[in-house]
Amino acid sequence: MRMSQLFSRTLRQAPAGAESRGYEYLLRAGFIKQLGAGIFSNLPLGFRSLKKIEDIIRDEMERIGGQELTMPVVNPAEIWKETGRYYTIDKELSRFKDRVGRDMVLAMTHEESVTAVAAGAIDSYRQLPQLVYQIQTKWRDDPRPRAGLIRVREFTMKDSYSFDADHEGMVKQYEAHYDSYFRIFGRCGLSVIAVGSDSGMMGGKVAHEYMYLTSIGEDTIILCDKCGYTANRQVAEFAKEYYSEDMLEMQEVETPDTPTIQALADFLDIPKRKTAKAVFVMGTFTDEHLQEYQKLIIAVIRGDLEIEEAKLQKAAGAKELRGAGDEEIRSCSMEPGYGSPVGSKNCLVIVDDSAAESSNLTAGANKPGYHIMNTNYGRDYTGITADIASAVDGEACTVCGMPLRSSRGIEVGNIFQLGTKYSEALDCSYQDIQGKRKPVVMGSYGIGVGRLLACLAEEYHDEKGLILPISVAPYQVHLVSLMKSGEEPQQLYEKLLDAGIEVLYDDRKDSPGVKFTDAELLGLPVQITIGKRTLEQGAVEVSLRRDGEKELVPLEQVTRRVQELIDMLSQELLDSLSEAP
RNA sequence: CGGGGUGUAGCCUAGUGGCUAAGGCGCCUGCUUUGGGAGCAGGAGAUCGGAGGUUCAAGUCCUCUCACCCCGACCA
């Protein structure tokens, strides 16, 4: 490609709102262009990178037996009603009616459609297992898109779906994906870790997320450096210490101006772990007639710990949670700041095991300025016990007991063991060897392609611009010509093309400074500089973007030398694969 | 959906209610220049996000509205 003809142009200044360096460079280098909140165009350079990522994904999907197909972005709402997601997913799922008033949705993922397709295609156990995948546009009307390509509303996702006769088969395909994903991310040059995760709206039990660890990430990961335990904070567990002793009589005490645990502990001069904290939230639930209703939830946890909302939501079985207002709390006979489940009415009580298993905790008296000492779960109040505590730095690992550490990360892929949720809802079944009809057992597996590129831009840049790995850079070579006349640059360009090398040829009439700066901004792995000065020695300069060290290469050896460098860079990425966990 | 912020040319910015809306980058033409974002001269490009209003006079003040960004809620 000639740079003088390139569709996009580089920007000297970053458009306002480019928060991270990776995003800034993608914009300035002309990879992407924003059209609306969370809506981007992929310009030719960005599109080439995305295609390279997609081809790596295709390669690896085919390796584990995947067959590519595509499914429609617009779905009749009917199948989404049958699986219930039409009702359980909120505004994130965009709905509309077609011209005759039929309910339609924009697919945010394709479990429904793939299951409907498979229902017609699969009849017999002989056809199983199956694995199909697509690289398709998804639309999710996220309430808050942000961070450039990290969190968008329209995006390209690789999604694959496995179909098996039984759980064991599904686990096999799940494990194949588990390894395949490391190969995919590795070939793109991105280091990720797999962490146990919440299955969220997908349903199912076992799930992993592939996280790229970065300070700009929006998920919090809990890890154990000793034994390798990793989990999203939403589901991360830790070893809790209980403090059990003989139960004492409840006793009300006056505790003025102590609406927080800290104030209470200071006032009574007791450790926080001797207190019980009550957190009030309103949960939205769906009854058997699919009618929504709200109910106050009081979450009780020992005062030295914090509530993890995702865990609480799951334990309560609520569709969504929001903070409760003071009046809502009082209407259930409790008092904000001095609340406890003792004497509560008309609300759902969820008790963390830390509070349930510890004795004689000081809890609110449900009147301002008073607390009750020596409350005990089971004797003084009841409720559902569950683990609703948030794992934080320094808590003990459940596996090995060593202190846990937290880190920020971005989810670039996920794998779910779905089971039969969708196959049962949409009647996707097969006949087994005994002629018995059974639902197929499914798995679903996603990779955000654009998000992956965004993570790579985040990982691979310096103060001058991008330094994308050779496997995903839009071109392999940036040929910079400083000549104002002469045939040599053009001839070299054609020679490289003939050798099958991907070249971006800067044939513009700009000054050397402009060209070098742009070459650094785009950051193509190999740079060739050809100018009068080099030609006097019958040579060109060749350098790698990542270190900038220049070598003089005779004209007739350029193609071979550049090919060597490309092979070396490619091999490095492949070599790193064996190191994957 | 709550809180905060910003909308002036392709990009970044300036602009006490008062003359024809200013500058830098980029763009076009010509000349010069060519190993690190060149120089000179000339030029194009803005219904100041939109709609109402106040005023002799609105980019500037008021109301409404739209869009985008950030924090939170939410989420892959």
Side-chain angles (χ1 to χ4, degrees), chain A residues 8-20 23-24 27-28 30 33-39 89-93 108-109 138-159 197-202 207-212 217-219 232 234 281-282 284 309-310 313 319-323 325 409-416 444-452 454-455 464-465 480-486 506 508-521 527 529-536 540-541 543 548 550:
Chain A
S8 57
R9 262 202 326 239
T10 55
L11 299 175
R12 281 200 194 184
Q13 279 149 322
E19 294 287 307
S20 73
Y23 178 34
E24 177 191 330
L27 288 170
R28 285 184 47 205
K33 169 82 180 165
Q34 183 171 9
L35 188 59
I39 305 176
I89 297 175
D90 203 30
K91 288 179 186 157
E92 204 178 340
L93 176 67
M108 44 195 289
T109 172
K138 305 279 188 262
W139 171 264
R140 293 184 190 177
D141 197 357
D142 198 284
R144 186 168 163 223
R146 70 184 114 181
L149 286 189
I150 302 289
R151 209 148 125 186
V152 293
R153 294 193 292 170
E154 184 182 305
F155 59 101
T156 302
M157 181 169 153
K158 183 290 297 181
D159 44 327
S197 75
D198 182 15
S199 55
M201 67 166 185
M202 304 299 268
H208 282 87
E209 291 170 344
Y210 288 75
M211 310 293 308
Y212 161 59
E218 39 183 17
D219 286 292
N232 194 306
Q234 294 179 336
V281 294
M282 290 301 288
T284 303
E309 250 193 58
Q313 184 177 347
K319 187 177 152 189
E320 76 179 48
L321 301 179
R322 64 169 170 83
I410 296 172
E411 180 185 351
V412 286
N414 53 44
I415 53 181
F416 295 100
S444 111
Y445 319 88
I447 292 178
V449 180
R451 183 179 278 191
L452 178 47
C455 289
K464 291 174 171 173
V480 176
S481 165
L482 301 180
M483 318 259 298
K484 54 179 173 182
S485 63
D506 195 345
R508 297 174 302 173
K509 302 203 181 313
D510 287 288
S511 68
V514 171
K515 295 185 178 186
F516 289 138
T517 310
D518 275 349
E520 279 152 351
L521 177 59
Q527 181 178 331
T529 306
I530 181 169
K532 245 189 329 202
R533 192 191 283 180
T534 65
L535 281 180
E536 278 165 10
V540 298
E541 258 170 28
S543 61
K550 295 165 181 160

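This is a predicted model, so every value here is computed, not measured. Naming: A, B, ... by sequence-line order, numbering from 1 per chain.
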Keeping [X] on the side-chain end and [Y] on the backbone end, is there a donor-acceptor pair under 3.5 Å?
| X | Y | value |
| --- | --- | --- |
| A/Asp506 | A/Arg508 | yes |
| A/Lys158 | A/Tyr445 | yes |
| A/Arg151 | A/Pro145 | no |
| A/Asn414 | A/Gly446 | yes |

Name every donor-acceptor pair, under 3.5 Å, that has one atom in a side chain of residues 8-18 of chain A and the other anywhere in the protein, sequence neighbours excluded.
| residue | atom | partner | partner atom | Å |
| --- | --- | --- | --- | --- |
| A/Ser8 | OG | A/Gly30 | O | 3.4 |
| A/Thr10 | OG1 | A/Asp518 | OD1 | 2.9 |
| A/Thr10 | OG1 | A/Asp518 | OD2 | 3.3 |

Integer angstrom distance from the [atom1] of [N] to that of [M]:
| N | M | atom1 | answer |
| --- | --- | --- | --- |
| B/A44 | B/G5 | P | 40 Å |
| B/G43 | B/U33 | P | 24 Å |
| B/U8 | B/A22 | C1' | 10 Å |
| B/C61 | B/G24 | C1' | 30 Å |
| B/A9 | B/G59 | C1' | 14 Å |
| B/C74 | B/G15 | C1' | 40 Å |
| B/G10 | B/U47 | P | 8 Å |
| B/C62 | B/A46 | C1' | 25 Å |

Between [options], which nucleotide has the shortest distance from any of its atoms to the side chain of [X]?
| X | options | value |
| --- | --- | --- |
| A/Pro15 | B/C70, B/G36, B/C11 | B/C11 |
| A/Asp142 | B/G36, B/C25, B/C75 | B/C75 |
| A/Glu520 | B/G26, B/G36, B/C11 | B/G36 |
| A/Arg146 | B/C11, B/C70, B/C75 | B/C70 |
| A/Lys484 | B/C68, B/G26, B/U34 | B/U34 |
| A/Arg12 | B/C69, B/C25, B/G35 | B/C25 |
| A/Pro143 | B/C75, B/C74, B/G37 | B/C74 |
| A/Lys91 | B/C1, B/C69, B/G35 | B/C1 |
| A/Lys550 | B/C75, B/G36, B/C11 | B/G36 |

(message) Looking at A/Asp142 and A/Arg153, is any side-chain nitrogen of the basic one under 4.0 Å from a carboxylate oxygen of the acidic one?
(response) no

Could you state the [atom1]-[atom2] distance from [X] to [N], rounded to the nearest angstrom?
| X | N | atom1 | atom2 | result |
| --- | --- | --- | --- | --- |
| A/Lys509 | B/G35 | NZ | C1' | 18 Å |
| A/Arg151 | B/C71 | CZ | P | 10 Å |
| A/Glu19 | B/G5 | CD | C1' | 12 Å |
| A/Leu521 | B/C11 | CG | C1' | 14 Å |
| A/Met483 | B/U33 | CE | C1' | 17 Å |
| A/Gln313 | B/A73 | CD | P | 13 Å |
| A/Arg28 | B/G10 | CZ | C1' | 16 Å |
| A/Glu24 | B/C69 | CD | P | 16 Å |

Any side-chain N or O of [X] below 4.0 angstrom from OP1/OP2 of [N]?
| X | N | result |
| --- | --- | --- |
| A/Ser511 | B/U34 | no |
| A/Arg9 | B/G10 | no |
| A/Gln34 | B/C69 | yes |

Quick one: are [X] and [Y] in side-chain contact, heavy atoms under 4.5 Å?
| X | Y | answer |
| --- | --- | --- |
| A/Thr529 | A/Thr534 | no |
| A/Leu482 | A/Phe516 | yes |
| A/Ile530 | A/Ser481 | yes |

Using a 4.0 Å heavy-atom cut-off across all strands, classify [X] as base, sugar-phosphate, or nothing.
| X | result |
| --- | --- |
| A/Asp518 | base |
| A/Ala519 | nothing |
| A/Val281 | nothing |
| A/Asp510 | base |
| A/Gly36 | sugar-phosphate |

Any-strand Watson-Crick or G-U partner of [N], both distances under 3.5 Å:
| N | value |
| --- | --- |
| B/C56 | B/G18 |
| B/A67 | B/U6 |
| B/U47 | none |
| B/G35 | none |
| B/A73 | none |

(request) Take A/Leu149 and A/Ile530, find for each the nucleotide of RNA chain B with the closest heavy atom, and name the residue whose nucleotide sits nearer the 5' end. (result) A/Ile530

(request) Starting from the 5' end of RNA chain B, give me the residue, A/Leu482 or A/Ile39, whose nearest nucleotide shows up first. (result) A/Leu482

(request) Look at the side chain of A/Gln13 against the base of B/G10 and say whether a donor-acceptor pair falls under 3.5 Å; ignore hydrogens and angles. (result) no

(message) Given the structure, check if the side chain of A/Arg144 and the base of B/C69 hold any donor-acceptor pair shorter than 3.5 Å.
(response) no

